[in-house]
Each structure stands twice: as C-alpha cells, then as structure tokens.
Novice: 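Right, I'll just put the structure down here and ask away after.
For the single chain, residues carry numbers from 1 onward in sequence order. Both counts, for ligands and for their atoms, begin at 1 and track the order of listing.
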Amino acid sequence: MNQIKVLLTGANGQLGQSITTLQANYTNITIIPQSSKELDITDRAQLINTLNKHKPSYLVNAAAYTNVDKAESDDNLAIIVNGTALEDLASECKKRAITLLHISTDYVFSGDQSTPYNPNDICNPINMYGKSKLIGEKLILNTNPDSFIIRTSWVFSEFKSNFVKTILKLTNEKNSISVVDDQIGRPTYASDLAKFILDFIINYKTFDIKNNIIHFANSGNCSWFDFSQKIIEYGHKLKLIHNIPYLQRAKTHHLNLKAQRPAYSVLNTADTEKVFNIKIRNWENALYETLNILADEYHYE
Ligand SMILES: NC(=O)C1=CN([C@@H]2O[C@H](COP(=O)(O)OP(=O)(O)OC[C@H]3O[C@@H](n4cnc5c(N)ncnc54)[C@H](OP(=O)(O)O)[C@@H]3O)[C@@H](O)[C@H]2O)C=CC1
Ligand SMILES: Cc1cn([C@H]2C[C@H](O)[C@@H](COP(=O)(O)OP(=O)(O)O[C@H]3O[C@@H](C)C(=O)[C@@H](O)[C@H]3O)O2)c(=O)[nH]c1=O
C-alpha cells in the first residue's frame, strides 16, 4: 500500500505527542511532526515552505493556544493562532489538495443546554478561547469546505501538563484539595482521539460522512470533581498517590477564574459512533490506562 503522508502541526502538544507515539501501529502512515519551533502556523511563508517541501496528503492541525484563562487578556494572540491563521492554513491546503483535519473544542458551546450538544447545534462561546476556536472553525469551513473539524473535550494524557497530572501533583502536596462540581463534560484521552484521527485518515473515504463537523470524546459525563475522585482512587491503587487527601466540592464562581467556563459542555458522539461504526470507551477505563502509563514511568525514574 502507498504511504500516506500526514503533516502534524503542534506536534509537542498532548495530542501531537499521542499521534506520533501511535505512528508505530500504522505502517502505511508517515507522520511528519512539526513542533511550534519548526512550523509556526501563523507564519504563512514558513507554512508554504513546509508544505512544498514535504508534500503531505493530509494536515492534522493539533496546534492551538490552549490556556483558557490567559486567552482573556492575550486575546490578540489567541485569535490569531486559533482563528485567523487558519484561513491561510485552509487555503494553502486547498491549493495543494491536502485534506485538512482540524481539532476544536466543546468550549464553542455556551453550556446553557442540559442535553448533549450535536455537531450542528448553535455555537455561542462564553470565553475568549472558545470565541477564537469558533472563528477558526468558521474560517476553515468557509475557505475549504472539504476540511474536517473534530471537536473534543477535557483532554488528558501522560504528556505535557493537564488536569490529571495537576490533580496528582496537588494530591501529593496537600492534605485537602477543592474542585468544582458544577461543570459537566466528557473527559477524553488524547491517545483515543489520536487513534480515531489515524483510523479516520485510513478509512474515511469508505464511510458515508454527511457532516464535516465531528464530535469525539470518551463516553460518560462527569464534573471535574467526579473526575478528580477517580484520579485519586485509581492513582492511589497504582501507588502514584501515597496519602488520600480530603476532596472538597467547590463552585466555579468562588474560584474567580479569569475566563468563564460552560456549565454543561457534553458533546454528543452518537453520529460519530454510527457513521464510523465504533464504540467509544468510557473515560474511567481510559483514565486507568493513562495512570498505569504514568505509574510505569514513575517507578522507572
Ligand atoms: N487540552 C484540552 O483539554 C482540549 C484541547 N482541545 C483542542 O485539541 C487540540 C490539541 O490540544 P492539546 O494537545 O491538548 O494542546 P497542547 O496545549 O498540549 O498543545 C498545543 C500545541 O500547539 C503548539 N502551538 C501553539 N501555538 C502555535 C503556533 N503558533 N504554531 C504552531 N504550534 C503552536 C504548542 O506549542 P508550544 O509547546 O511551543 O507552546 C503546543 O505544543 C487543540 O486544537 C485544542 O484546542 C479541545 C478540547 C479540549
Ligand atoms: C486544578 C484545579 C482546577 N479546578 C477547576 C478549574 C476549572 O474550572 C476546571 C478544570 O481545570 P482546567 O484548568 O483543566 O480547565 P480548562 O482550562 O477550562 O480546560 C479546558 O481546556 C480547554 C483547552 C478545552 O478545550 C476544554 O475542553 C477544557 O479541557 O477545574 C478546580 O476546581 N480545582 C483545582 O484544583
């Protein structure tokens, strides 16, 4: 089979590292990983050079400005990286017939709903990060309607910093931690998303895809508090945590965070599971696997 060349931007991020790690399982895919230093997606000349040099058939854009609170004051940069730069990305891909897969977020939704969000539900982001990501989605689909937008939520992994690793760290430093119980979402293991993306590249032409906006998240809903409870339970079982701390419930408005968060940002993945004929595993199972990997790394250190 011919090798499929996939250029990967944001390669040092959680998703980027998860995709490059999985490369070994996909002998017919060649990933060309580009860190932010190798390819700054806001630099059009650099983008053109990179595309001309590598001539990929696919571009997976895992690059993003992901600091939700900082985006409130650093809005210019967030809007460029997550928004306006993507018009160039989409048009340079279109010129070269490169299929663009772009990753977006549950934070494009307001959180006012109480039932899971479908891909075509109205987006009305309540923070700057969500606004910038929505600008990006729209520019991509207007410029290059053959692109795919894969929305995900609450991403965790063994890589970089993320909520799971923060809770493990806090738990080992404090006797008591407090976590909000009034935001509901779907935690997603970056490696499960990475596998979905690579399988998608191999198989999507064989599926009847009617919507270029696709939702992917591990199954099951929870609050950050519920998520923390499981991180602590499994972390203790796997000896990543030595003392179980007191876990206190908190409310978002008491935290005085710079950015607002949607109270309910559960993505509906029913269409994804139906169209691609997959069953997405639950987040607890995926969390246990991540913690197992972290425990192995920890015990070897
Ligand atoms: N993390 C989450 O909870 C969620 C993430 N998403 C989306 O998933 C995608 C992947 O997120 P995730 O892997 O967690 O994010 P990370 O923050 O882990 O990684 C993002 C990567 O993008 C890179 N980057 C930032 N600016 C640029 C730029 N101008 N040019 C090139 N690269 C750049 C960063 O580089 P550097 O390391 O140099 O800063 C970083 O390596 C993003 O689109 C994000 O919006 C969606 C829902 C939830
Ligand atoms: C560490 C910590 C966080 N929290 C709260 C703050 C916040 O509302 C929530 C989660 O913390 P985070 O910093 O991970 O939240 P946040 O940066 O909002 O996470 C989001 O990131 C972007 C990139 C996305 O796209 C979203 O899907 C989502 O994952 O938990 C506590 O209540 N106690 C704690 O000890």
Novice: Does some non-hydrogen atom of N162 fall short of 4.0 Å from ligand 2?
Specialist: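 In this structure, N162 fails to qualify as a contact of ligand 2 - no heavy atom is under 4.0 Å.
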
Novice: Does the side chain of I31 reach to within under 4.5 Å of the side chain of V60, using non-hydrogen atoms?
Specialist: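 With C-beta onward as the side chain, the pair stays apart.
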
Novice: Regarding T206 and N203, is there a side-chain donor-to-acceptor distance under 3.5 Å anywhere?
Specialist: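 No pair is found: no donor N or O on one side chain lies under 3.5 Å from an acceptor on the other.
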
Novice: At a 4.0 Å threshold, what atoms of ligand 2 neighbour a non-hydrogen atom of W154?
Specialist: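 By the 4.0 Å cutoff, the relevant atoms are 27 (O), 28 (C), 29 (O).
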
Novice: Any chance you could lay out the side chain to side chain donor-acceptor pair (under 3.5 Å) test for E158 and T290, step after step, and finish with the verdict?
Specialist: CA-CA 6 Å; E158 58 274 32; T290 313; 4.9 Å; no

Novice: Residues around ligand 1, heavy atom under 4.0 Å from any ligand atom, sorted by chain and number. Can you pull those?
Specialist: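 Those residues closer than 4.0 Å to ligand 1 by some heavy atom are G10, N12, G13, Q14, L15, S36, L39, D40, I41, T42, A62, A63, A64, T66, V81, I103, S104, T105, Y129, K133, T152, S153, W154, V155, K160.
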
Novice: Using the side-chain contact (heavy atoms from CB on, under 4.5 Å) rule, pick out the option among N218, D106, N221 that qualifies with R186.
Specialist: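 Option passing the side-chain contact (heavy atoms from CB on, under 4.5 Å) with R186: N221.
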
Novice: Tell me, yes or no, whether the heavy-atom count around K5 atom NZ, taken from other residues, nucleotides or ligands under 6.0 Å, exceeds 12.
Specialist: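 It does: K5 NZ has more than 12 such atoms within range.
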
Novice: Would you sort out whether F156 and W283 count as a ring pair (Phe, Tyr, Trp, His ring centres under 6.0 Å), showing the intermediate values?
Specialist: CA-CA 10 Å; F156 64 93; W283 62 263; 8.0 Å; no

Novice: Looking at K251, I want to see if its NZ is surrounded by more than 12 non-hydrogen atoms of other residues, nucleotides or ligands under 6.0 Å.
Specialist: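 Enclosed: over 12 neighbouring heavy atoms sit under 6.0 Å from NZ of K251.
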
Novice: Suppose I only count heavy atoms of T166 and a 4.0 Å limit; which atoms of ligand 2 are within that range?
Specialist: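 What qualifies from ligand 2 is 1 (C).
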
Novice: Identify which one of F207, F216, Y58, F200 satisfies the ring-ring contact (aromatic ring centres under 6.0 Å, His included) criterion when paired with F148.
Specialist: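 Output: one option passes, namely F200.
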
Novice: With atoms numbered from 1 as shown, which atoms in ligand 2 lie under 4.0 angstrom from a non-hydrogen atom of S153?
Specialist: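 Listed by number with element: 27 (O).
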
Novice: Does the side chain of S178 pick up a donor-acceptor pair with the side chain of Q248 at under 3.5 Å?
Specialist: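 Result is no, nothing qualifies.
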
Novice: Out of curiosity, is Y129 lining ligand 2, as in a heavy atom under 4.0 Å away?
Specialist: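 Within the 4.0 Å threshold, so yes.
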
Novice: Considering only heavy atoms of F163, which atoms of ligand 2 have at least one such atom less than 4.0 Å away?
Specialist: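 It comes down to these atoms of ligand 2: 3 (C), 10 (C), 11 (O), 14 (O), 30 (O).
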
Novice: Hey, mind stepping through W154 and F163 against ring pair (Phe, Tyr, Trp, His ring centres under 6.0 Å) and telling me if it holds?
Specialist: CA-CA 8 Å; W154 295 24; F163 186 80; 7.6 Å; no

Novice: If you count the non-hydrogen atoms of other residues, nucleotides and ligands that lie under 6.0 Å from CG in N25, is the total more than 12?
Specialist: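 Counting other residues, nucleotides and ligands, CG of N25 exceeds 12 neighbours.
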
Novice: Which bit of D69 gets closer than 4.0 Å to ligand 2, counting heavy atoms only: side chain, backbone, both or neither?
Specialist: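 It is neither part, as no heavy atom is under 4.0 Å.
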
Novice: Under 3.5 Å, N or O to N or O, is T152 touching ligand 2 that way?
Specialist: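 No, no N or O pair falls under 3.5 Å.
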
Novice: Is there a nitrogen or oxygen of V180 sitting under 3.5 Å from a nitrogen or oxygen of ligand 2?
Specialist: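 For ligand 2, there is an N or O atom that lies under 3.5 Å from one belonging to V180.
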
Novice: Give the atoms of ligand 2, by number and element, whose distance to some non-hydrogen atom of V179 is under 4.0 Å.
Specialist: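 Those of ligand 2 that fall under 4.0 Å from V179 are 31 (C), 32 (O), 33 (N).
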
Novice: If you measure from each non-hydrogen atom of N67 to ligand 2, which part falls under 4.0 Å: side chain, backbone, both or neither?
Specialist: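 For N67, no heavy atom sits under 4.0 Å from ligand 2.
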
Novice: So is W224 polar-close to ligand 2, meaning N/O to N/O under 3.5 Å?
Specialist: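 The answer is no, given that W224 and ligand 2 share no N or O pair closer than 3.5 Å.
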
Novice: Out of L170, L247, I177, indicate the one that has the non-hydrogen atom closest to atom 35 (O) of ligand 2.
Specialist: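 Selected option, by shortest heavy-atom distance: L170.
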
Novice: For ligand 2, which part of Q183 has a heavy atom less than 4.0 Å away: the side chain, the backbone, both, or neither?
Specialist: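 Only the side chain of Q183 comes within reach of ligand 2.
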
Novice: Going by the atom numbers of ligand 2, which of them fall below 4.0 Å from some non-hydrogen atom of L257?
Specialist: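 Selected atoms, number and element: 8 (O).
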
Novice: At under 4.0 Å between heavy atoms, is it the side chain or the backbone of S178 that contacts ligand 2, or both, or neither?
Specialist: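 The answer is the backbone.
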
Novice: Can you find an N or O of T105 that's nearer than 3.5 Å to an N or O of ligand 2?
Specialist: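 The answer is yes, given that T105 and ligand 2 share an N or O pair closer than 3.5 Å.
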
Novice: Any nitrogen or oxygen of D106, main chain or side chain, under 3.5 Å from a nitrogen or oxygen of ligand 2?
Specialist: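 Yes - when backbone and side-chain N and O of D106 are compared with those of ligand 2, one distance drops under 3.5 Å.
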
